[in-house]
Amino acid sequence: MKPRVRFAPSPTGYLHIGGARTALFNWLYARRHGGTFILRIEDTDQERSTPESVQAILDGLKWLEIDWDEGPGVGGPFPPYTQMEKLGRYTQVAQQLIDTGWAYRDYTTEEEVAAARRAFAQSKGITDEKELRSAGFKFTSPWRDKRDVKDGPFVVRFKMPAREGTFGFEDMVLGRITKPFEDLDDFVLLRSDGVPLYNFGCVVDDHDMQVTHVGRGQEHINSTFPQLMVYEALGWAPPQFAHFPLILGPDREKLSKRKHPEADVMRHKQNGVLPHALSNFVMRLGWSHGNDELFTRQQLIELFDFKDVGHSSGVWNPDKLSATNEHWLKQSPVDDVAARLLPFLHSAGVVSASLDDKLKKGVVCFRERSKTLVEMAEKLVPYYAHGVTLDPAAAAKHLTADGKVMLGKAREFLQGVSTWTQPNLEPVVDTLASATGAKKGAIAQPIRVAATGGTVSPGIGDTLELLGREEALYRIDLALK
RNA sequence: GGCCCUGUCGUCUAGUGGCCUAGGACGGUGCCCUCUCACGGCAUAAACCCGGGUUCGAAUCCCGGCAGGGUCACCA
C-alpha cells in the first residue's frame, strides 16, 4: 500500500523551521515511496489562528518547493482539509463515543477545573500561575459516570478506562515507547463551543484522510498515548508513528519563534539563502546518510527513510548553514541562481538589471565570493554603475606614476581586443608581464583599481568582461587622467 | 515534581561486540595554489557523560547515577 502522509500545521504565525523540516521529512517519505503528501490546516485554536498565517505557511512551503497532493488549493478525495470547515464531523464522532460509553458530557466549567487545578497545586506548594500545569494535576469530573443531559455548556471528555500496566507503540525512529495507563486522565475531546481539541481532531482527520504514517516532532510523543486510546475506542487502526528530534537554538534552548529569528523560514529567503541550501542544512540536522553531507533534491528522495532519522535534538549552526549555502550557490545551475539573485539586485538599487548574459556572468564571477544572494547583489552593484569612485588608499598605492604607465600599456592592449570576453582579455596581464618584465601584480592591480575603484575583484579578465568594453575603457581613461 | 525521549570532537554526525590508533562535515590552526579577494588542495588540534556489570573483548549490550530536552490546557 502506498503511504499517505501529512503535514498538519497550526496557522498561528509564519512557517517555523522545525515545521518546515517535519514537512520535508514527510514529503520526502511520500515521494520516495510513491505515496501521497497531504497538507491539512489545524486551525481549531481560534484565539491564535489567522488567515494570514495560513498564507504564510503556504508561501513558505512553496518557496521550499514542497508541493502537496491533497490540501488547500488542490483539493483531494477527503475534504475539507481545514478543520474549522468540518466541525459537524467531530460532533458526530464525539456523539458516537458518548453512545458507546467511551466519552461523557462534562458540565464542569472551565473556571471550576482551573480552580480545582489551583487548589491541587497549592496543596503541593505551587503558587506560581505559570507552574500550575506542572503539578501533575489529574482532573476527575463528577460527571464521569453520569449520563444526564441537561441545559448549559459542556465539554465532551474521553472516559479513560481503569487499566493496569502500560501500553505503547512502535515508533519508526525511536523504537518501542510505552507509558503507564494510570498517567492518562479524562482529556477533553470537544470544547464547550463544539470545537475539537488537538488529540481528537487529529485522530478523526488522520483516519478520515486515510493517513498511514504520522511523522511529527518529538514534542508530540506524549500526545500519542491519548490519541491511541481514541483509535481504540473508535475501533480504528492507528497509523504508524515517527517522531523527529527537535531543533535547538544556538543557545541550546528549543528553537522558538519568540527568541530565535532563525526559526522563521522566510527570513532565510530574505537573507539570500537558497531554498535547497536551507533544506539540505535542515535535513542534516536530525537525519544522516553515512558520512555524506551534501545532497541534491533527487538524492534526498532516493535516500530518505524514517529509520535514518536521529534520536537526539540538534543545535542550529549558522556557520554550517552558510557553508551549505555557499556550496549550492556554486553548484546550482547559473540560470537558477541568476533568477533568484535578480530581485536582490533590484532591491539593492539596480533597477535596470535583468536576467541577461551580464547577470549570469556576474553570478559566475561572484558565486565563489559570496555567502548569500544578498552579498552577491551588493558586490555586483558597482558593476552596473557608470564610472567609479576610486578608493584613495588603493589609488595611492597602485595608481602611481609607474602604475599609470603600466595602465596605459594595458589600455593599448585592451583597445585591440576584438571580442570583449574573458579569454581574450585575460592575456593582458601575462603579455605585459613578459614584455616589460614586471610582476603580474604590478600590472593587474592598477587595472583593477582603475576598473573597480578598489584592490579586490575577480580575475582581471572576468572583471573587465563583466564591466563591458565601453565602461571598462571609460573607467581606465578616467584613472589615467 | 510525575511521565516520556535523548547523551561520540565546540556543533551536526558515522559507528549496531573485535575492521576504532574512534571516521566525515562545519568552525579553528598551519601550509600550498595565486594578479587582489575568493574558490580549491593538503595537513593538524579536538569526542565515546560518570560508575558498576555481562564478555576473551564494549563507543556499541544491561543496571544505576548525572545531564539535556520534551510533556503534563476547554494550545497545537
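We name chains A, B, ... by the order of the sequence lines, and we start the count at 1 in each one.
- Base contact: A:Asn317 has a heavy atom under 4.0 Å from a base atom.
- With C1' as the reference atom, B:rG70 and B:rC74 are 23 Å apart, rounded to whole Å.
- Under a 3.5 Å cut-off, the side chain of A:Gln299 and the backbone N or O of A:Thr296 do form a donor-acceptor pair.
- Counting any heavy atom pair closer than 4.0 Å across all strands shown, A:Lys440 reaches sugar-phosphate atoms only and no base atom.
- Across every non-hydrogen atom of A:Leu190 and A:Tyr90, the tightest pair is CD1-CB, 4.1 Å.
- In a base pair of the Watson-Crick type (N1 to N3 plus N6-O4 or O6-N4) or a G-U wobble (N1-O2 and O6-N3), with each distance short of 3.5 Å, B:rG2 is matched with B:rU71.
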- List the protein contact pattern of nucleotides 61-76 of chain B with one symbol per nucleotide (5' to 3'): B for base contact, S for sugar-phosphate-only contact, - for none; contact means a heavy-atom distance under 4.0 Å. --------SBSBBBBB
Enumerate all atom pairs, one protein N or O and one N or O from nucleotides 42-46 of chain B, separated by less than 3.5 Å.
none

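- Within the 4.0 angstrom heavy-atom criterion, only backbone atoms of the sugar-phosphate kind lie near A:Lys330; the bases stay farther away.
- Using a 4.0 Å heavy-atom distance criterion, A:Thr324 is classed as making no nucleic acid contact.
- Across all strands shown, B:rC35 forms no Watson-Crick or G-U wobble pair with both key distances under 3.5 Å.
- Computed from coordinates, the A:Phe281 CZ to B:rC26 P distance equals 13 Å when rounded to whole Å.
- Near RNA chain B, meaning a heavy atom under 4.0 Å from it, residues 444-460 of chain A has A:Ala444, A:Gln445, A:Arg448, A:Thr455, A:Val456, A:Ser457, A:Pro458, A:Gly459, A:Ile460 in order of number.
- With a 3.5 Å ceiling on both atom-pair distances, B:rG27 lacks any Watson-Crick or G-U wobble partner.
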